[in-house]
Visitor: 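Quick one: the structure is below, and I'll ask about it shortly.
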Amino acid sequence: MITAEQKPIPEIIQYIAPYGKILLVGCNECVTVCAAGGRKEVGLLASALHLNSMKQGKTIDIKEITLERQCDPEYVEELTPYIDGVDAVVSMACGCGVQTIAGRYKKTPVFPAVNTRFMGASLGQGVWAERCKGCGDCVLGITGGICPVARCSKHLFNGPCGGTSNGQCEIDPDVDCAWRLIWERLKELGMEDRYEDLMNAKDWRPGGAGGPGKIIREDLA
Amino acid sequence: MENFEPEIVAFCCHYCAYTAADMAGSKRISYPSNVKIIRVPCTGKVDAIHLMKALEKGADGVYVAGCLAGDCHFKNGNVRAEARVNRVKKILTELGWEPERVAMVNMSAGMGEYFAQTAREFTETIRKLGPGPGKFAGTNDKAAS
Amino acid sequence: MNTESRLEKILASGELAVTSECGPPRGARPEKVREKAALLKDHVDGINVTDNQTAMVRMSSFAAGVIIKQMGLDPIIQMVARDRNRLAMQSDIIGAYAFGINTMLCLSGDHAKFGDHPMAQGVFDIDSVQMINMVRRMRDEEVFQGGAKIDGAPKMFIGAAANPFADPFELRVMRLAKKVKAGVDFIQTQCIFNLDKFEQWMKGVTDRGLDEKVHILAGITPMKSVGMARYMKNKVPGMDIPDAVIKRLEGVSKEQQPEEGIKMAIESIERIKQIKGVHGFHIMAIEWEEKVPQIVEQAGLYPRPKV
Amino acid sequence: MQNNNSSENTLSPDRRVLVIGGGVGGIRAALDLAESRRDVLLIDKAYAIGGLMTQLDRTFPTNNCDLCTVSPYLSQGARERHLEIKPMTTLTRLEGEAGAFTATLVTEPRYIDTDKCTACGECAKLFPDAVRVTPGLDPRAPTCMRYPQATPFAFSIDITKVADMAALKKVCRADAIRDDDTRRESVVDVASVVLSVGADLFDPAVLDNFGGGKFDNVVTGLEYERIMSASGPFQGNLVRKSDGRRPKKVAWIQCVGSRGINKGDVPYCSGVCCMYALKEAMVTRERFGDDIDTTIFFMDMRTYGKDYELYFNRARDEYKIRMIRSRPHSVVENSATQNLSITYALEDKPVQETEEFDMVVLSTGFRVGEDAKNLAGVLGIDCNQYDFAATHPFNPVLTSKPGVYVCGVSESPKDIPETMVQASAAAAMAVTDLPVVPVDLQTEDLFAPERDVRGQDPRIGVFVCDCGFEIGGIVKVDKLLADVCANTDVAVAKAVGYGCSSESMAAIETMIQENHLNRVVIGGCSPRTHETKFQDLLRRVGLNKYLVEIVNLRDQTTWTHMNEPEKAQAKAARLLQAGIAGVRKNRPLIDHTLPMSQNALVVGGGVTGMTSALTLADQGIKTYIVERAPALGGLARSLRKTIEGEDVGAFVQDLVQQVTAHGNIQVLTRSIIVDHSGMPGLFTTGIQTGVRMNYMQIDHGVTILATGALAGRPAQYGLGTHTNIMTQLEMDSMLEDEADKIQAMEQVVMIQCVGSREKENPNCSRICCQAAMKNALRIKEISPDTQIFVLYRDMRTYGFQEEYYRKARDLGVKFIRFSLDQRPEVVEADGSLSVTTHDFILGCDIEIAADCVVLSTGLIADDETTEDLALLFHLPRTIDHYFLEDHVKLRPVDMAQRGFFLAGTAHSPRTIRESITQARAAAGRAQTMLAKKEINLGACVAKVDDKKCASCLICVRACPFDVPFINAEGVSQIDADKCHGCGVCAGECPAKAIQLLAYEDDQILAKLDGLFER
Amino acid sequence: MSFQAKLTSGEFVVLAEMDTPKGVDISDLVTNVRYLKSRVDAVVIPDLDNGVMHLGALAGGSIMRQQGMEPLIHVCGRDKNRMALQGDLLAAHVLGIHNIMVVKAEEMINGDHPDAKTVDDLDDTGILNMIRSLTSGTDMAGFELRGKPVLTPGIAIPPIADTEQLKVQAAAAGEKVAAGARYIVLQPVFDLTFYTQIIEAFTSLNVPVIPSVFLLKNVGMARYISINDPCSRLSEDLIRRIRKARDRDTECIAIAGEMIRALKGISRGIKISALGWEDRLPAILDSAGL
């Protein structure tokens, strides 16, 4: 899942300062699940923006709507009836959603209200952790199901650096050393010998180094 | 603003704080009439939006009153409520409003006197802070609701 | 003999090698490099030039290396995976080699979080093992990492670091083996304070016969004070400082602590000399370069052999 | 005395229980029976039920207004299908035997048809000829109603006061007056009888020294209550009868007519007067001014009930009520000022004092009246020497006649909580004469089919109670109503007087129907107490019960802002507006139900637990007793004799045998409760049982807590350091087993209140005074020459126990009072003991040599156990670690957590006899719950909107009860049966896909809108 | 590695006890055991433990096998004569149950069928001898078996209060070891001071010694054990510790965990009894660092 965090409200306020009528758009997918931009957050942000405008003694007109998914043009189409009546759109979806709206409604400025963070998994209520960098060439098959790209602070492919202490990463004692985890897992799986295989320098193209990625499924497209 | 009388909303859980408020009544313990109670089954029901909306609609201060720590009728609703109150405090700070305008208090059903005391203290806090967001809305025109 | 490296020659001769370190200045001050290098001049076989050590911006190791080389000394330039992608690395390597620099050390590098640019993006295009492999192939196969032929291959004597003390301990020998497999020629270890553990590690190394394939230089750091010892114990990742070290420093007055620290460093060297597989010492006197000659002398490693 | 074994009677299924007396005790018994789906006939000689309690102003220890707490019970009584009420009716003959009595009843003419009377009050307005119904004070018309919420809700006519019947008939528009009404006799079949006629209050006019009935400003306690009462003759204004001025100095004289030996006195203690005098004094200062000087003249302060000592301390320390330990000699009136001089002697002063007061209140106690004596004759039951019903030594609700049970003051003097307990116990016993399985198992009361209001525009009715002066006296109800009319959808806005009275309820029903209202707002007291009542009202008129909002105008507005009427007015208006805004959004909801487990769990296998279990098991309820000891019996096993001389050991053994042999009882000794889950009616409790702690779980619908208390053993007065310093419990054994040792004793010193009424344990242990008297008398019996000294703080031999106190004094037992700042000291020198104490009368310290020092150590709560169970079951406790009942007065054995009941010394210290009563009561209350057969879970449950759900799992993780799950459709599902209704999921759902029914977001936001509408 | 293999190799073994249901609803049993997979070496299934009628151990052990767990079942002489016992043991082998613990059963009078007849055809040593006979290929009557069962018996030692009893029990255990017992399970431990002596005494018999750890559930239970089981030596401090804890449930688990950690150094394994709260076994294992 894509995770996101709400932007500092002052930043959002700054974006919309010139406008009086705002369309505030949530997304019922990833950002709902990570509690950053679902219906509830839309309501809270709307309320916060109202409170802010009150401070200025102004009125702001906010229309709240939450789409099933902001990254699909068909869902984004649902905004059409409202778009002409607003001065600006504030999107609470990930960057994909913001761009889908911006691409569809050219005349209306679109502002992001969340910072898209990473692809993560949920560790429990209210806790998400980065698990995938979308590098386009998955090595999990040989690293015991633990990703050195996403979970090692230095993306090391050939074992832990010298900074590991007590099994934790040098950057933060709360961060597990990915290579410690990989090693433990390999041992559990009886695949210790895998460790000494040299992993060659990575081809970063599929993950974005080769320019903006695109997938075309010819059987579907 | 002279003679400012704050408007205060208290979300009280049915099992503890609302009963404590009734208890204050049956003991005839007075507290400021500024405080108006909205009853909820558990403070865990109180959404951050409710607090924000109360301020938006005209409250100068809002507080959530739940059971004592560890005594929640529903195990931990009061803990969740407190976390939400803190979230709203953070939002208010970001907006430049005083975070003291929202608060979480805890009490048992028998603490009528404490209910009244809390109501008095909170009212005083808000009185010192002055009018809340809702009071500014009217300066130009009516806020969207 | 693969390279022209003085270090390689010393090691090949079977003598214990001695290297030390010179942190380049944080500014365009070539005289600082020269001052530091001059201190080490006669007492070491190679001078490590660190690469933005602790993720703080310093004069590039390549440039400082050139200055040292111009002094007629032997720089060992360090290169970290943090700041350069494979293109930049390779161009710097051939550049350095063009200036006569023939010994280098491949490192992952401290995370940017610790330095003065914590907001910087860590490159980490390839890791240290991959870097070793790249440099070895540049030298031996005369190809760039991408596969293209090099016209004038850099003949680098390739070093790397090893930390015998970091977790998981059992991986530490294996990781060395991996570097060996990638083609490393010599290893400088992390500062050694826990000698028991170092011996344990070396036993693992010799058991696998790795000492036959790689030269291990033991890392030695003199403690300047008990404060430094405590700081290293608590703040520096991957460091293993036994309580006994701190206790011993606490046992003497503040004034005597530097001397005691040097004494301890010398004792360590004496003990490590006995360990099978150790082929030299890498003395890291952090911002205390002036004491290196004293240590080298008192440890009986002076004078340095001529090769 | 009868022995109660139920089953042998010839039970007839259509018989019912006859309850005689409609006071709180009778009402409680009748309601318990009706709730257990047994048919009941409640008769009362008065024209409305309610008894004494309805005349009280406020009751201790909560100092609440009584009428409003009791009235819901009364009108609930009026609507129970199983309950018939016959006022103005007496029993004239009882024939047959238990299970098959034939009762002859006589009903006096009321001259008003209760079916027709609308209680409009026209007749009373036009014929206000004063008569005095309540002694001395209450001006009443020939047609009258006793109090505003009377049941049945109709007037009655005193025919002797009527001069012109035709004129009277004319004013009645309902044509309800029947001048031809006559005395009617009826015969009914009843299976059992509960006697609850109470007792009269002593009339002090027969005494010549206190001026009762002679001086205007000398009143009885009850008269004083009437003066203070809002429905009393002075509309709640405290004034002197002589001049209508507010008194500045009021004195109470205790024990008037009780604990006496003079003409007109009775020897027993009336048990309630100390508390009511304290209450009246406190209310006086609270309501009518701190500057009113209040003084109580007493002999012993008998605050022996649960937490009553704390109440007494509050009266003395916080309310600064002056306490004078003296029985005044006389009261003399100053003819000019009508002020009163009281002459009294102080303990430590040789001369008499005289002091003048504005008003004197005589604390008069109970006296059995002639009617009650006659009734005992009709019933054929034995009475004791004071004409109270004689009862079984171990079961105070059993009379000498099988099938006839007694409760309340008819049995002995007692206060409301004790009466309530006994009433429930009597009801539980009365059931044993009926068939075990009730014939009528129809599950729910029938209500009109619900009107479908969906899609209709709101038509709101706003009804505001004035609650006497409680609301109407502070805010202007008219103004409130005028304000709400600004809402266009408010179709009706009316003041309804006492909203919870039958009259008002009927009026509201009519208005709802006539105006086609589809939503209702009630402005009155707290929804906590009255929501159900008004929800039922809606159901009666065919509206879904969730279409009503109760606005708390009293408890949270007029009571708290009584000194700021304008602010109260403004707040009331806002709250009403919020209620109106909220009710617009209310939707019809359906309650969820589950079948109820018919098993009971009794925790504790002492006398209390066993008695509860037997009572339940006899009614076919499978009952588990969980006892941690290896054997049943509890603390009673260490007790030998009761004060009445009964053999406790034999009694306990018999009880254990009955329990062990009972087919419906499963005894689990050596068992510890370790976990608990479920809901009222469907609990599952985990138990470790047996020496090896085997784990098992049992399912049960109700739980009775009978875990008892511990015998106190504080390390005071050298207890534990010397064999001759012992507790009363040890003395009790010694008296049985080592009588020779007693004979060798020359002097015995008993010290009272050891470890009780002290800072660490502030309450009175209640049992120790009688225990001391019991043992003192037994010592005297064995060894008449042994000198006994009892060092006491107050002798609390309440009720008939006073007799033993008197006997002890007669036998020469010496009583020496001590106070906490001058406590006795036990000194040991060369192995012999002596006790030093201050003698207030002599004014010096005295030393008493003692062969034996007996300490009255009382009971202390089993803190560890009650704490463990309180955590497990989520139950409240008192500060001194006893369990806390739901309502000290009205629900003394029910716990706040539904399905839990409390009995015995886990509640508070009490004697075996009292514990047994409570055990029966708890079992009876448990039966009323089990009678329902299904659990109503209410409608307040979380509901998921599938379309909005993002399946994020937040609800799954947040729910404190693990109810939500992602179903096969891939969305969150919350089963209504399992949902506890806290709303945590709704508060967290990031997609706003979950709503908590009855508290939906739009309802809450609407209320906020209402609060801030301008 | 199997439980027996671990035991012989000297690795620390972890046993968890699981009660079979009183009834035939095995859903809890199956659910709870799933959380223990790869965390314990064997699951102990008592047989009509505490004199309380339950689903039999043979079936319980067989269910464990189905769930991929190694079973260890109790055998006692209270309820069955030598015929039934031998038949059951052959059945055990066939069902894949090879670990047997010979226990002295709780007296019937303390159970839920106090009226039942006590059999006691064989005592503990008798059963051990019988097992030896069966595993060597003959039944007690001397008939040769068609196929020898593989059964490894251990014994459970009754609670010991003092050094006197310790001597007696150790001697008795010595005989049983001689009769073929291959490991020893000890009473629950709540206090290590005397318990260490107990462990030492039995360790001298040269078979692995496995102490038991009970999960206390609340103050009431701790108090009960402290009063009624003097062998427990459950201290007032421990009770106070539970009472003072903010979260008593967690504290009780922590106590069990600490006890296990402490025993790791001095014993060859551990048997954990959650006494009906088997769903908390994983938490105990977590707390113990296992």
Side-chain angles (χ1 to χ4, degrees), chain D residues 601 603-605 624-632 660-661 665-677 684-699 705 707-708 710 861-875 877 881 883 906 960 962 965, chain E residues 17-19 21-23 25 28 46 48-54 103-112 114 156 158-159 187-188 214-229 231-232 236 239-240 242-249 252 273-280:
Chain D
L601 168 66
V603 189
Y624 296 92
I625 298 183
V626 172
E627 166 61 48
R628 65 181 169 189
L632 295 169
T660 319
I665 299 180
Q666 188 84 42
V667 178
L668 295 159
T669 51
R670 299 177 188 272
S671 297
I672 304 290
I673 291 178
V674 290
D675 58 48
H676 179 74
S677 59
T684 300
T685 297
I687 292 163
Q688 308 291 153
T689 179
V691 272
R692 290 279 149 260
M693 296 271 90
N694 186 62
Y695 179 75
M696 64 180 287
Q697 286 185 325
I698 55 176
D699 295 328
L705 295 161
T707 53
L710 304 173
D862 186 352
D863 180 19
E864 196 177 277
T865 303
T866 56
E867 182 186 50
D868 229 22
L869 293 176
L871 281 170
L872 216 79
F873 294 136
H874 300 292
L875 300 173
R877 298 192 303 159
H881 315 310
F883 285 117
D962 297 329
F965 62 99
Chain E
E17 187 171 274
M18 287 223 162
D19 273 342
K22 194 176 179 73
D25 178 358
D28 280 354
L48 308 179
D49 201 21
N50 306 333
V52 175
M53 198 285 294
H54 283 273
V103 299
K104 174 103 188 72
E106 186 57 44
E107 279 178 34
M108 209 77 91
I109 192 73
N110 292 322
D112 67 346
Q187 73 200 66
F214 254 31
L215 173 64
L216 293 174
K217 297 185 182 174
N218 61 6
V219 172
M221 184 171 164
R223 172 67 66 204
Y224 178 88
I225 292 173
S226 81
I227 294 173
N228 293 286
D229 182 5
C231 304
S232 70
E236 206 58 35
I239 296 176
R240 205 171 306 126
I242 303 174
R243 262 193 100 171
K244 290 245 168 80
R246 260 179 78 89
D247 178 348
R248 295 182 177 194
D249 276 9
C252 287
S273 301
L275 298 164
W277 281 9
E278 277 78 24
D279 57 324
R280 305 202 190 187

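Numbered from 1 within each chain, the chains take letters A, B, ... in sequence-line order.
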Visitor: What distance do E/Phe214 atom CZ and E/Glu17 atom CD have between them, rounded to the nearest 0.5 Å?
Guide: 7.0 Å
Visitor: Would you mind checking which part of E/Ile227 comes under 4.5 Å of any heavy atom in chain D, side chain (CB onward), backbone (N, CA, C, O), both or neither?
Guide: neither
Visitor: Under the rule for side-chain contact (heavy atoms from CB on, under 4.5 Å), what residues qualify as partners of E/Asn218, not counting sequence neighbours?
Guide: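 Result, side-chain contact (heavy atoms from CB on, under 4.5 Å) vs E/Asn218: D/Ile672, D/Val674, D/Asp868, D/Leu872, E/Met221.
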Visitor: Under a 4.5 Å heavy-atom cut-off, does chain E meet the side chain of D/Asp862, its backbone, both or neither?
Guide: neither
Visitor: Let me know if D/Leu869 has heavy atoms under 4.5 Å from chain E in its side chain, its backbone, both or neither.
Guide: neither
Visitor: Heavy-atom distance under 4.5 Å to chain D: side chain of E/Pro159, backbone, both or neither?
Guide: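 E/Pro159 touches chain D through side-chain heavy atoms alone.
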Visitor: Against chain E, label D/Glu864 side chain, backbone, both or neither, depending on which of its atoms sit under 4.5 Å from a heavy atom there.
Guide: both
Visitor: Any chance you could lay out the side-chain hydrogen bond (donor to acceptor under 3.5 Å, both in side chains) test for D/Asp675 and D/Tyr695, step after step, and finish with the verdict?
Guide: CA-CA 10 Å; D/Asp675 58 48; D/Tyr695 179 75; 2.6 Å; yes
Visitor: What residues, two or more places apart in sequence or in another chain, satisfy ring-ring contact (aromatic ring centres under 6.0 Å, His included) together with D/His676?
Guide: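 Counting only residues at least two positions away or on another chain, D/His676 forms a ring-ring contact (aromatic ring centres under 6.0 Å, His included) with D/Phe683, D/Phe873, D/Phe900.
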Visitor: Looking just at side-chain N and O atoms, do E/Arg223 and D/Thr865 make a donor-acceptor pair shorter than 3.5 Å?
Guide: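 Checked: E/Arg223/D/Thr865 side chains show no N/O donor-acceptor pair below 3.5 Å.
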Visitor: Is E/Val52 in contact with chain D via its backbone, its side chain, both, or neither, using a 4.5 Å heavy-atom distance?
Guide: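 Only the side chain of E/Val52 comes within 4.5 Å of chain D.
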